[in-house]
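See structure below.
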Amino acid sequence: MTTRIERLVTAGQFTLDGGTWDVENNVWIVGDEREVIVIDAAHDAEAIAAAVDDRVLKAIICTHAHNDHIDAAPALADLTGAKIWLHPDDLPLWKMTHPDRAPDNHLADGMVIETAGADLTVLHTPGHAPGAVCLYDPGLGAVFTGDTLFKGGPGATGRSYSHFPTIIDSVRDRLLTLPPETKVLTGHGDPTTIGAEAPHLAEWIARGH
């Protein structure tokens with residue numbers, strides 16, 4: 001059975017620091033005909049469960065704990081029996097959205113999540129959020145970056161729990177060192193590649209946000 005990557009786009013709101021914005025999020029489903037994992041259960045648990053269909057959902061992986069990436073995670077876990085995984089450094093953010101429901105398991109840098117022929121290595125990439133992670137699978141030639149790296153630059157760092165020099169370190173040291181052909185599958189918007197983004201690092205630093 002062939003391992004494949006599916007994208008579901010869901011819509012909702014991002015809320016932090018007293019502001020609210022309408023957003024569309026990428027929900028990534030990785031696996032085969034029998035079992036999958038979901039990366040970032042955003043906004044609509046029933047739509048995600050429908051996309052998973054009759055396959056076994058092995059895990060719900062959170063790239064970070066901003067509400068728009070985790071708001072549907074508990075409901076999806078309840079629908080499917082899957083466990084929720086989050087890096088512990090993002091627990092303060094998680095508790096803003098889900099004060100009465102903790103994640104089931106903690107992500108750690110270097111751990112490998114296996115499902116249906118995929119081997120996703122956890123890369124701790126703080127900056128956009130303290131516990132932000134990316135998930136890299138050389139076999140799939142892809143890295144799931146959440147809000148750490150987008151087409152056009154690193155994720156925003158203008159709000160609480162974020163830090164621009166830290167995200168630059170994460171992008172430079174953990175992501176731009178990956179093979180240039182690696183697909184960058186982002187938390188919002190269109191994919192890019194490491195090779196397309198790497199030449200612009202100095203511009204991002206000069207821009208300083």
Side-chain angles (χ1 to χ4, degrees), residues 3 5 7 25-31 36-42 58-66 68-70 73 83-94 103-157 161-201 204-205:
T3 305
I5 299 169
R7 175 168 70 163
N25 286 62
N26 294 327
V27 179
W28 298 102
I29 302 171
V30 184
V36 295
I37 64 166
V38 162
I39 300 170
D40 287 345
K58 303 288 285 186
I60 301 164
I61 311 297
C62 307
T63 62
H64 63 295
H66 284 151
D68 58 317
H69 291 257
I70 62 166
K83 302 297 187 186
I84 301 169
W85 292 74
L86 177 76
H87 193 285
D89 288 358
D90 258 20
L91 284 172
L93 281 166
W94 171 276
D104 300 294
N105 297 304
H106 288 166
L107 297 170
D109 187 64
M111 74 184 296
V112 178
I113 300 162
E114 301 177 14
T115 185
D119 295 301
L120 294 160
T121 298
V122 176
L123 307 175
H124 183 208
T125 52
H128 181 70
V133 301
C134 298
L135 302 163
Y136 174 53
D137 187 332
L140 293 174
V143 60
F144 300 88
T145 57
D147 289 0
T148 295
L149 179 62
F150 292 104
K151 185 175 185 178
T157 54
Y161 297 96
S162 64
H163 188 243
F164 180 73
T166 301
I167 202 171
I168 288 294
D169 288 347
S170 293
V171 169
R172 181 185 59 230
D173 299 340
R174 306 305 305 275
L175 298 180
L176 299 187
T177 54
L178 299 176
E181 66 274 12
T182 304
K183 297 186 292 288
V184 176
L185 304 180
T186 55
H188 309 269
D190 294 329
T192 181
T193 64
I194 293 296
E197 302 308 317
H200 303 289
L201 177 64
W204 304 335
I205 294 170

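Computation of the quantities below employed the complete heavy-atom set of this structure, encompassing side-chain atoms and omitting hydrogens, waters and symmetry-equivalent molecules. Predicted model only: the values in this text are computed from it and were never measured.
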Atom CD1 in Ile205, atom NE2 in His200: separation rounded to 0.5 Å?
13.5 Å
Mind checking whether His64 and His128 have parallel, tilted or perpendicular rings, split at 30° and 60°?
perpendicular
Non-hydrogen atoms of Gly189 and Asn26 that approach each other most closely
O-ND2, 2.9 Å
Between the main-chain N or O of Gly152 and the side-chain N or O of Glu197, is there a donor-acceptor pair closer than 3.5 Å?
yes
Just verifying a value: how many Å separate Thr125 OG1 and Asp147 CG, rounded to the nearest 0.5 Å?
10.0 Å
Assess whether side-chain contact (heavy atoms from CB on, under 4.5 Å) is satisfied between Leu107 and Ile113, documenting all intermediate values.
CA-CA 9 Å; Leu107 297 170; Ile113 300 162; 3.8 Å; yes
Donor-acceptor pair, Trp28 side chain versus Thr186 backbone, under 3.5 Å?
yes
Going by heavy atoms in the side chains, are Val30 and Phe144 under 4.5 Å from each other?
yes
Is the shortest side-chain heavy-atom distance between Thr148 and Arg174 below 4.5 Å?
no
Where is the tightest heavy-atom contact between Thr157 and Gly127, given as atom of each residue plus distance?
CG2-O, 3.8 Å
Taking all non-hydrogen atoms of both residues into account, name the closest pair between Ser162 and Ala156 and its distance.
CB-O, 4.3 Å
Without swapping roles, check the side chain of Asp90 against the backbone of Ala65 for a donor-acceptor pair under 3.5 Å.
yes
Which heavy-atom pair separates Cys62 from Ile70 by the least distance, and what is that distance?
SG-CG2, 3.8 Å
Here the gap from His163 atom NE2 to Asp169 atom CG, rounded to the nearest 0.5 Å, amounts to 9.0 Å
Kindly compute the distance separating CG (Leu175) from CD1 (Ile194), expressed to the nearest 0.5 Å.
5.5 Å
Between Gly187 and Phe150 the two heavy atoms that sit nearest each other are N-CE2, 4.1 Å
Under 3.5 Å donor-acceptor, Thr3 side chain and Ala116 backbone
yes
Side chains of Leu123 and Leu135, heavy atoms from C-beta outward: is any pair under 4.5 Å?
no
Judged by atom type as modelled, is there a donor-acceptor pair below 3.5 Å linking the side chain of Asp119 to the main-chain atoms of Asp137?
no
Do you know which two heavy atoms are closest between Ile60 and Ala41, and how far apart they sit?
CG2-CB, 3.9 Å
Over 60° means perpendicular and under 30° means parallel, so classify the ring planes of His124 and His87, tilted if in between.
parallel
Check whether any side-chain heavy atom of Trp85 lies under 4.5 Å from a side-chain heavy atom of His106, and answer yes or no.
no
Whether the side chain of Asp68 engages the backbone of Asn25 through a donor-acceptor N/O pair (distance < 3.5 Å, no angle test) should be reported.
no
With heavy-atom distances below 4.5 Å as the criterion, would you say the side chains of Trp204 and Ile167 are in contact?
no
Side chain proximity check, Thr115 to Val36, heavy atoms < 4.5 angstrom
no
About how many Å separate OG1 of Thr177 and CZ of Arg172, when rounded to the nearest 0.5 Å?
10.5 Å
Could you go through Asp40 and Val27, starting from their C-alpha distance and side-chain angles, then the distance that decides it, and tell me whether this counts as side-chain contact (heavy atoms from CB on, under 4.5 Å)?
CA-CA 6 Å; Asp40 287 345; Val27 179; 5.6 Å; no
Taken to the nearest 0.5 Å, the spacing of Thr145 OG1 from Leu178 CG works out to 10.5 Å
Under 4.5 Å between any side-chain heavy atoms of Tyr136 and Thr182, yes or no?
yes
Could you check if a side-chain atom of Pro154 sits within less than 4.5 angstrom of a side-chain atom of Ile168, using non-hydrogen atoms only?
yes
Determine whether Leu120 and Ile37 satisfy the following criterion, side-chain contact (heavy atoms from CB on, under 4.5 Å), listing intermediate values before the conclusion.
CA-CA 10 Å; Leu120 294 160; Ile37 64 166; 3.0 Å; yes
State whether the side chain of Lys58 and the backbone N or O of Glu114 hold a donor-acceptor pair below 3.5 Å, judged by distance alone.
no
Look at the side chain of Thr192 and the backbone N and O of Val184, then say whether any donor-acceptor pair between them is shorter than 3.5 Å.
no
